[in-house]
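When a residue number appears, it is its place in the shown sequence, counting from 1.
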Amino acid sequence: QVQLVESGGGLVQAVGSLRLSCAASGRTFSSYAMGWFRQAPGKEREFVATIRWSDGNKYYADSVKGRFTISRDNAKNTVYLQMNSLKPEDTAVYYCAAGRNYDVRVSKYNYWGQGTQVTVSS
């Protein structure tokens with residue numbers, strides 16, 4: 001059974017930093033892409049970043065480029081999202097996801113975590 005478990009969310013002041021973790025288990029993810037998405041109240045879930053597990057290729061949404069960094073630890077089967085220079089508009093529930101396709105679309109990811117809340121105060 002595939003499990004994705006996020007951690008690391010919380011309350012932080014603007015321009016602060018947080019690091020989210022996503023521990024993956026239940027299958028081999030070497031051929032998968034791992035993505036981070038977020039959903040703010042009243043808004044649709046949106047793409048944040050993705051990384052291809054096999055070669056480490058990364059892609060970011062324009063809104064987070066230069067501030068967020070996605071990375072992976074093969075030995076720990078864990079994906080991270082380092083978030084710096086946080087803004088109030090980054091406030092959302094952040095979700096980790098796994099899918100066969102290196103893609104920005106929610107529909108291309110098959111497995112999802114439960115989400116972790118990130119709140120950025122001004």
- [ ] Would you verify whether the NZ or CZ of R38 falls within 45 degrees of the ring axis of Y94 while also being under 6.0 Å from that six-membered ring's centre?
- [x]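 Judged by the rule (NZ or CZ under 6.0 Å from the ring centre, within 45° of its axis), R38 is not positioned above Y94.
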Open item on the list: Would R45 and Y95 count as a cation-pi pair here, with the cationic atom under 6.0 angstrom from the ring centre and within 45° of the axis?
Closed with: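 Yes, a cation-pi geometry holds between R45 and Y95.
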Any side-chain to backbone donor/acceptor pair from [X] onto [Y]? Under 3.5 Å, distance only.
| X | Y | answer |
| --- | --- | --- |
| Q3 | S25 | no |
| N101 | D103 | no |
| K58 | I70 | yes |
| Q13 | S121 | no |

- [ ] Please lay out, stage by stage, how V48 and L81 fare under the test side chain to side chain contact (heavy atoms under 4.5 Å, CB included).
- [x] CA-CA 10 Å; V48 174; L81 186 68; 4.1 Å; yes
Point-to-point distance, once rounded to the nearest 0.5 Å, from [atom1] of [X] to [atom2] of [Y]:
| X | Y | atom1 | atom2 | result |
| --- | --- | --- | --- | --- |
| D55 | S30 | CG | OG | 11.5 Å |
| C96 | Y80 | SG | OH | 11.5 Å |
| M34 | C22 | CE | SG | 4.5 Å |
| I51 | Y102 | CD1 | OH | 8.0 Å |
| R100 | F29 | CZ | CZ | 10.0 Å |
| T116 | W36 | OG1 | CH2 | 7.5 Å |

Check: [X]/[Y] side-chain N/O donor and acceptor closer than 3.5 Å:
| X | Y | result |
| --- | --- | --- |
| S17 | N84 | yes |
| R72 | T78 | no |
| T50 | Y109 | yes |

Closest non-hydrogen atom pair between [X] and [Y], with its separation:
| X | Y | answer |
| --- | --- | --- |
| Q117 | V93 | OE1-CG2, 3.2 Å |
| W53 | V79 | CZ3-CG2, 3.2 Å |
| A14 | S122 | CB-CA, 4.3 Å |

- [ ] Mark yes when over 12 heavy atoms from residues, nucleotides or ligands other than K65 sit less than 6.0 Å from its NZ; otherwise mark no.
- [x]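 Above 12, so yes.
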Task: Residue pair F68, L86: steps toward the side chain to side chain contact (heavy atoms under 4.5 Å, CB included) verdict - done: CA-CA 9 Å; F68 290 11; L86 281 161; 3.8 Å; yes
Task: Carboxylate-amine/guanidinium proximity below 4.0 Å for K87 and D90 - done: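 Looking at K87 and D90, the cut-off is not met.
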Any heavy-atom pair between the side chains of [Y] and [X] that's under 4.5 Å?
| X | Y | answer |
| --- | --- | --- |
| L4 | Q114 | no |
| S7 | S21 | yes |
| Y111 | R27 | yes |

TODO: Report the C-alpha distance between M83 and L20 in whole Å, list the side-chain angles of each, state the deciding distance to 0.1 Å, and finish with yes or no for side chain to side chain contact (heavy atoms under 4.5 Å, CB included).
DONE: CA-CA 8 Å; M83 306 186 294; L20 305 183; 3.8 Å; yes
Task: Worked check of side chain to side chain contact (heavy atoms under 4.5 Å, CB included) between V106 and W112 - done: CA-CA 10 Å; V106 170; W112 292 85; 3.6 Å; yes
